[in-house]
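Basis for what follows: all heavy atoms, side chains included, without hydrogens, waters or symmetry-related copies.
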Amino acid sequence: MTRLTEARIETLARAALLRHGASERQAGALAAAIAAAERDGLKSHGLMYLPTYCEHLTCGKVLGQAEPRLTQPAPAVVAVDAGNGFAHAAIALGLPALIEAARSQGVAALAVRNSYNCGTLGYHTEGIAQAGLVGLGFTNAPASIAPWGGRKAAVGTNPWSLAIPDGQGGARFIIDQSASVVAKSEVIKRARAGEPIPPGWAFDANGETTTDAGEALKGTMAPAGGYKGVGSALLVEIFAACLTGANPGLVASPFSGTAGGPPGTGQFFLAVSPDATSGGLFAGNLETVAGAFIGEARLPGTRRFGAREQNAKDGIEVAAETLATLEKLAGTAA
């Protein structure tokens, strides 16, 4: 085990992505997000995925030279076509316009289509909160959750995220959760390590609960809260696919493996100016709500903020095997 700075991880990840065909825009946006995930202790969305990203650049599942295109079809609507590049570059292009529109209009939307996995959704909504706005985000994924009582996947794990500004240029808290009991990346991680998964995470191809991660990947993910989780996934699908013009999860190619070409999924963000909607009462009401979480309870995102502070002081732990893979991908291995 070794310790690296966030900047060093970002530099190596960027070098690896450039070496495998990504443009400066694509590599820079994704590398920053990978390093931030490691910084925040969200390793299932960090360096673990870098080999897959590089493989997908090589095979054409993601277009490394894609140039996202921004349009503004209405005063409060920003649209970005990612061109089948990484979602990060498209979102990075659209967020400044979204923030400007929300400040002038009170509420604004950003619709991203033809994109690839956006990683940690809370990373993007936090950027909205840092601008003093309430940020709500949705991202769809290839189908992996079946309708309640069914066996065939119809919608993805479809995360949603809410980031609340703290009035000081940061986020008071961040909710980032998928419609499944656990993010699919956690099952993939266990399958790669040959480890079992806890009961209740997923079903096998026959619709039976399983603790075998490999069999779970052949079946479907268990929705969080039963049928309510299916409803959450469907809500996200409407925003992230239908409202953006992106591929629904049913026709999107998998984020894993090399088959199927670009997935063409989507993201949708809402930015709300709290002053425009609350009549100046937002900050006080927020503290009333957040105050209920002080003491024994904790606000969502507390763990990531704690990891961020600790890792900034001590450095980010990176396993020797992970570092060796990273250096090999970046072309810096001895």
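- Between Tyr49 and His45, the ring planes lie tilted relative to each other; the angle falls in the 30° to 60° range.
- Cluster membership for Ile99 and Val107, using ILVMFWY side-chain heavy atoms within less than 4.5 angstrom, is not shared.
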Open item on the list: Apply ring-ring contact (aromatic ring centres under 6.0 Å, His included) to residues Phe86 and Tyr53 and explain how you reach the verdict.
Closed with: CA-CA 9 Å; Phe86 290 113; Tyr53 294 148; 5.7 Å; yes
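- Listed for the Glu287 side chain is no donor-acceptor partner under 3.5 Å among the backbone atoms of Ala290.
- In this structure, the side chain of Arg151 does not engage the main chain of Ala146 through any donor-acceptor pair within 3.5 Å.
- Residues His124 and Thr139 are not in side-chain contact: their nearest non-hydrogen atoms beyond the backbone lie 4.5 Å or more apart.
- Residues Val230 and Leu234 are not in side-chain contact: their nearest non-hydrogen atoms beyond the backbone lie 4.5 Å or more apart.
- Residues forming a ring pair (Phe, Tyr, Trp, His ring centres under 6.0 Å) with Phe255 (at least two apart in sequence, or on another chain): Tyr116.
- By the 4.5 Å heavy-atom criterion applied to side chains, Phe282 and Val134 are counted as neighbours.
- Distance CD1/Ile34 to CG/Leu12: 11.0 Å, rounded to 0.5 Å.
- Heavy atoms only, all atoms of each residue included: Thr210 and Phe203 are closest at CG2-C, 3.9 Å.
- Judged by distance alone, the side chain of Ser115 and the main-chain N or O of Ala82 form no donor-acceptor pair under 3.5 Å.
- The two residues Ala102 and Leu133 have their closest heavy-atom pair at CB-CD1, 3.8 Å.
- Listed for the Glu215 side chain is no donor-acceptor partner under 3.5 Å among the backbone atoms of Ala205.
- The side-chain heavy atoms of Leu110 and Gln267, taken from C-beta on, include no pair separated by under 4.5 Å.
- When atom types are taken as modelled, the side chain of Asn140 and the backbone of Val236 share no donor-acceptor pair closer than 3.5 angstrom.
- Hydrophobic clustering, with ILVMFWY side chains joined whenever heavy atoms are under 4.5 angstrom apart, groups Met48 together with Leu17.
- Under the 3.5 Å distance criterion, the side-chain polar atoms of Asn114 are left unmatched by any main-chain donor or acceptor of Asp81.
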Open item on the list: The test is side-chain contact (heavy atoms from CB on, under 4.5 Å); show your working for Val112 and Thr244 and say whether it passes.
Closed with: CA-CA 6 Å; Val112 178; Thr244 64; 5.9 Å; no
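- Between Ser178 and Ala183 the shortest heavy-atom distance is OG-N, 3.9 Å.
- Atom OG1 in Thr5 sits 12.5 Å away from atom CZ in Arg39 (nearest 0.5 Å).
- Among all heavy-atom pairs drawn from Pro198 and Arg190, the shortest one is CD-NH1, 3.8 Å.
- Remark: Arg308 pairs with Asp40, Glu126 by the salt bridge (charged side-chain N to carboxylate O under 4.0 Å, His left out) rule, at least two apart or across chains.
- For Arg303, the CZ atom sits in a loose shell: 12 or fewer heavy atoms of surrounding residues, nucleotides or ligands are nearer than 6.0 Å.
- Residue Lys43 is tested with Glu317, Glu186, Glu38 for a salt bridge (charged side-chain N to carboxylate O under 4.0 Å, His left out); the sole match is Glu38.
- Within the model, atoms CG of Asp176 and OH of Tyr123 stand 13.5 Å from one another, a figure rounded to the nearest 0.5 Å.
- By the 4.5 Å heavy-atom criterion applied to side chains, Ile174 and Pro300 are not counted as neighbours.
- A distance of 10.0 Å separates CZ of Phe138 from OG of Ser161, quoted to the nearest 0.5 Å.
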Task: Ile164 vs Leu162, side-chain contact (heavy atoms from CB on, under 4.5 Å): CA-CA, chis, key distance, verdict - done: CA-CA 7 Å; Ile164 303 299; Leu162 176 69; 3.8 Å; yes
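- Looking at heavy atoms from C-beta onward, Val62 lies out of side-chain contact with Gln26 at the 4.5 angstrom threshold.
- For Thr71, the side chain to side chain contact (heavy atoms under 4.5 Å, CB included) test picks out Pro73, Ala79, with sequence neighbours left out.
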Open item on the list: As a quick check of understanding, evaluate salt bridge (charged side-chain N to carboxylate O under 4.0 Å, His left out) for Glu195 and Lys189, giving each step before the final call.
Closed with: CA-CA 8 Å; Glu195 298 173 354; Lys189 183 170 68 174; over 6 Å; no
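- At least one donor-acceptor pair closer than 3.5 Å links the side chain of Asp204 to the backbone N or O of Glu208.
- Residue Tyr227 is not grouped with residue Trp160 when hydrophobic side chains (ILVMFWY) are merged at heavy-atom distances under 4.5 angstrom, including chains of intermediate members.
- Under the 6.0 Å cut-off for aromatic ring centres, His20 and His56 do not qualify, their centroids lying 6.0 Å or more apart.
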Open item on the list: One pair to check against side-chain contact (heavy atoms from CB on, under 4.5 Å): Thr265 and Asn117. What are the steps and the verdict?
Closed with: CA-CA 8 Å; Thr265 48; Asn117 189 342; over 6 Å; no
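- Residue Arg69 places its CZ atom among 12 or fewer non-hydrogen atoms of other residues, nucleotides or ligands, all under 6.0 Å distant.
- For Gln65, the CD atom is densely surrounded, since the number of other residues' heavy atoms within 6.0 Å is greater than 12.
- Taking 4.5 Å as the limit, every side-chain heavy atom of Thr277 sits out of range of all side-chain heavy atoms of Ser273.
- Residue Val155 is not grouped with residue Phe268 when hydrophobic side chains (ILVMFWY) are merged at heavy-atom distances under 4.5 angstrom, including chains of intermediate members.
- Salt-bridge check for Lys61 with Glu55: failed, with every basic side-chain N at 4.0 Å or more from each acidic carboxylate O.
- Of the inter-residue distances, the one linking Leu270 atom CG with Phe239 atom CZ reads 6.0 Å to the nearest 0.5 angstrom.
- In terms of heavy atoms, Phe269 sits closest to Gly137 at CD2-CA, 3.7 Å.
- Using a 4.5 Å cut-off between side-chain heavy atoms of Ile, Leu, Val, Met, Phe, Trp and Tyr, with links allowed through other members, Ile175 and Val272 fall into the same hydrophobic cluster.
- The pair Arg103-Glu100 does not meet the salt-bridge criterion, since no charged nitrogen lies less than 4.0 angstrom from a carboxylate oxygen.
- Interatomic distance, Thr325 OG1 to Leu47 CG, rounded to the nearest 0.5 Å: 9.5 Å.
- Side chains of Asn311 and Glu6: no donor on one and acceptor on the other come within 3.5 Å.
- When side chains are defined from C-beta on, Pro263 counts as touching Ser253, because their heavy atoms get closer than 4.5 Å.
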TODO: Test Ser278 against Asn285 for side-chain contact (heavy atoms from CB on, under 4.5 Å), laying out the working first.
DONE: CA-CA 9 Å; Ser278 72; Asn285 284 344; over 6 Å; no
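- The two atoms that bring Ala216 and Ala202 nearest to each other are CB-CB, 3.5 Å, heavy atoms only.
- In this structure a side-chain-to-backbone donor-acceptor pair under 3.5 Å is missing from Ser232 to Lys228.
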